[in-house]
There are 2 protein chains.
Amino acid sequence: MRVKVNYIAPMASDRSTIPPEKQRTYTISELSREFDVTPRALRFYEDKGLLSPDRNGQNRVFSSRDRARLKLVLSGRKVGFSLNDIREMLDLYDLGDNQRAQLRATYKKHKQQIEILNQQRLEIDEALKELHRGVDWLEKKLATIGPGKDELGTISAYDAIARAQLEGENEPSSA
Amino acid sequence: MRVKVNYIAPMASDRSTIPPEKQRTYTISELSREFDVTPRALRFYEDKGLLSPDRNGQNRVFSSRDRARLKLVLSGRKVGFSLNDIREMLDLYDLGDNQRAQLRATYKKHKQQIEILNQQRLEIDEALKELHRGVDWLEKKLATIGPGKDELGTISAYDAIARAQLEGENEPSSA
DNA sequence: AGTTACGTTGACGTGCGCGTAAAGGTGAAC
DNA sequence: GTTCACCTTTACGCGCACGTCAACGTAACT
């Protein structure tokens with residue numbers, strides 16, 4: 001069994017001096033380990049225009065700028081932005097002109113996302129209400145059917161619930 | 001221009017007497033109109049085993065049982081159950097045996113779905129917190145940059161945010 | 001006969017964020 | 001020289017719930 005004897009990533013090691021930290025470069029696996037994403041994801045992000053690493057031969061070389069962008073991507077994902085949303089915001093920054101317009105566009109996106117999430121929260125709350133009603137209904141049914149022997153008259157649960165549904169009486173929240 | 005002169009759906013009209021309401025049948029468009037779903041959806045539900053309409057020739061004939069099941073399907077969807085979940089619950093009912101086991105299985109699914117939605121709510125709340133932090137940060141930046149002419153030294157918003165990110169100071173919630 | 005209003009069965013497309021082979025290249029270590 | 005350990009590109013797969021043609025049949029009304 002071979003132990004990993006100070007293996008140095010090929011691309012990360014061909015610089016003998018450690019630059020002033022601002023020009024550091026990263027291999028794909030370095031970044032994927034640091035941020036706990038798969039290399040596949042990073043390649044995907046590049047494909048979608050979120051990252052644009054240089055190449056050393058055929059190997060990707062990520063700059064600290066890429067690293068910063070990746071941070072932005074990941075925190076964007078965490079709050080529910082789509083990769084498209086994120087790319088749009090990132091693209092704005094890269095244009096580099098009209099500071100305030102860029103910030104305000106991003107500001108707007110944030111507000112919109114807040115709206116979206118608030119809406120989703122409302123929908124979830126609605127669903128939870130219904131589910132609780134369903135649970136109550138099921139508990140009652142389980143109680144009335146009682147803990148006795150099953151099969152009392154071949155009335156199927158489906159029929160019972162279907163009738164309840166049809167007549168609009170405290171029907172269960174769902175199937 | 002032809003006005004719709006009491007158009008009667010072909011399959012719904014070839015019965016001269018209106019049956020005791022329990023044996024009524026429905027065409028695909030009748031059901032789709034009543035519940036505001038597309039015919040395509042109903043065919044899809046059949047394909048997935050959620051409905052099983054009879055045929056008159058090649059035309060689907062939905063029974064009141066199908067209608068009841070459709071109700072269950074739609075209310076299931078509303079609370080976030082997948083069609084697979086719904087099918088499983090429906091299948092249990094159709095087995096027709098062991099009342100309590102069926103009800104308890106459905107009960108369990110409900111509880112699980114409640115858990116899932118509660119979890120999603122937490123995640124949304126987390127995201128909202130971050131987004132609000134981001135909004136605050138953006139507002140501050142917009143304020144400090146001030147309402148003057150833009151472009152003060154070619155520092156791009158990206159650089160500003162990236163620096164904030166890198167140094168962990170009240171960084172924005174995302175891109 | 002023509003038009004209208006329905007119905008049918010395939011079968012591929014969509015959006016999202018990657019996963020998962022397939023098939024190979026490169027350089028360092030043993 | 002062979003085996004790691006890592007890298008590459010190409011490209012299809014997936015889960016979900018249908019949408020969207022295509023190409024056609026049928027019944028009813030004008």
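Order of the sequence lines fixes the chain letters, A, B, ..., with proteins taken first and strands second; residue numbering starts at 1 for each chain.
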Pair B/Glu34 + B/Lys71, salt bridge at N-O below 4.0 Å = no
ask   = Given D/dA17, D/dC7, C/dG7, which nucleotide is nearest the side-chain atoms of B/Phe44?
value = D/dA17
message = In whole Å, I'd like the distance from the CG atom of A/Asp36 to the P atom of C/dG17.
response = 18 Å
task = Whole angstrom is fine here: how far is it from CZ in A/Arg87 over to P in C/dC16?
result = 11 Å
key: Listed nucleotide nearest any side-chain atom of A/Asn59, set D/dC18, D/dT8, C/dG17   = D/dT8
query = So, is B/Thr27 near the phosphate of C/dG7, with a side-chain N or O under 4.0 Å from OP1 or OP2?
reply = yes
inquiry  = As a test of reading the structure: which of C/dT9, D/dC6, C/dG17 is closest to the side chain of B/Arg60, going by heavy atoms?
reply    = C/dT9
task = Check every atom of D/dC6, C/dC6, C/dC18 against the side chain of A/Arg77 and return the nucleotide holding the closest atom.
result = C/dC18
N-O pairing of B/Asp47 and B/Arg43 below 4.0 Å = no
ask   = Does OP1 or OP2 of D/dC18 have a side-chain N or O of B/Tyr45 closer than 4.0 Å?
value = yes
ask   = Rounded to whole angstroms, how far apart are CG on A/Leu42 and P on C/dG17?
value = 15 Å
ask   = Taking N and O atoms by type only, does the side chain of B/Arg40 place a donor or acceptor under 3.5 Å from a partner on the base of D/dT20?
value = yes
key: A/Ile28 CD1 to D/dA5 P, straight-line distance once rounded to whole Å   = 19 Å
task = Let me know which of B/Lys108, B/Lys109, B/His110 forms a side chain to side chain contact (heavy atoms under 4.5 Å, CB included) with B/Thr106.
result = B/His110
ask   = Hey, does the side chain of A/Ser82 reach the backbone of A/Asp85 with a donor-acceptor pair shorter than 3.5 angstrom?
value = yes
ask   = Are OP1 or OP2 of C/dG19 and a side-chain N or O of A/Thr38 less than 4.0 angstrom apart?
value = yes
task = Measure the distance from CD on B/Glu46 to C1' on D/dA17 and round it to the nearest whole Å.
result = 16 Å
note = Winner on side-chain proximity to B/Arg55, out of D/dT8, C/dT8, C/dC18, is C/dT8
ask   = Is the shortest side-chain N/O distance from A/Ser29 to OP1 or OP2 of D/dC7 below 4.0 Å?
value = yes
key: Sidechain N-carboxylate O distance under 4.0 Å for A/Asp125, B/Arg121   = yes
ask   = Which listed nucleotide (D/dC6, D/dC18, C/dT9) is nearest to the side chain of B/Arg43?
value = C/dT9
note = Between CG of A/Asp47 and C1' of D/dT8 the distance, given in whole Å, is 14 Å
query = In terms of side-chain heavy atoms of A/Asn84, which of C/dT9, C/dC6, C/dC16 is nearest?
reply = C/dC16
query = D/dT9 C1' sits how many Å from A/Gln58 CD, rounded?
reply = 8 Å
query = In whole Å, what is the span from the CD1 atom of A/Ile116 to the P atom of C/dC16?
reply = 12 Å
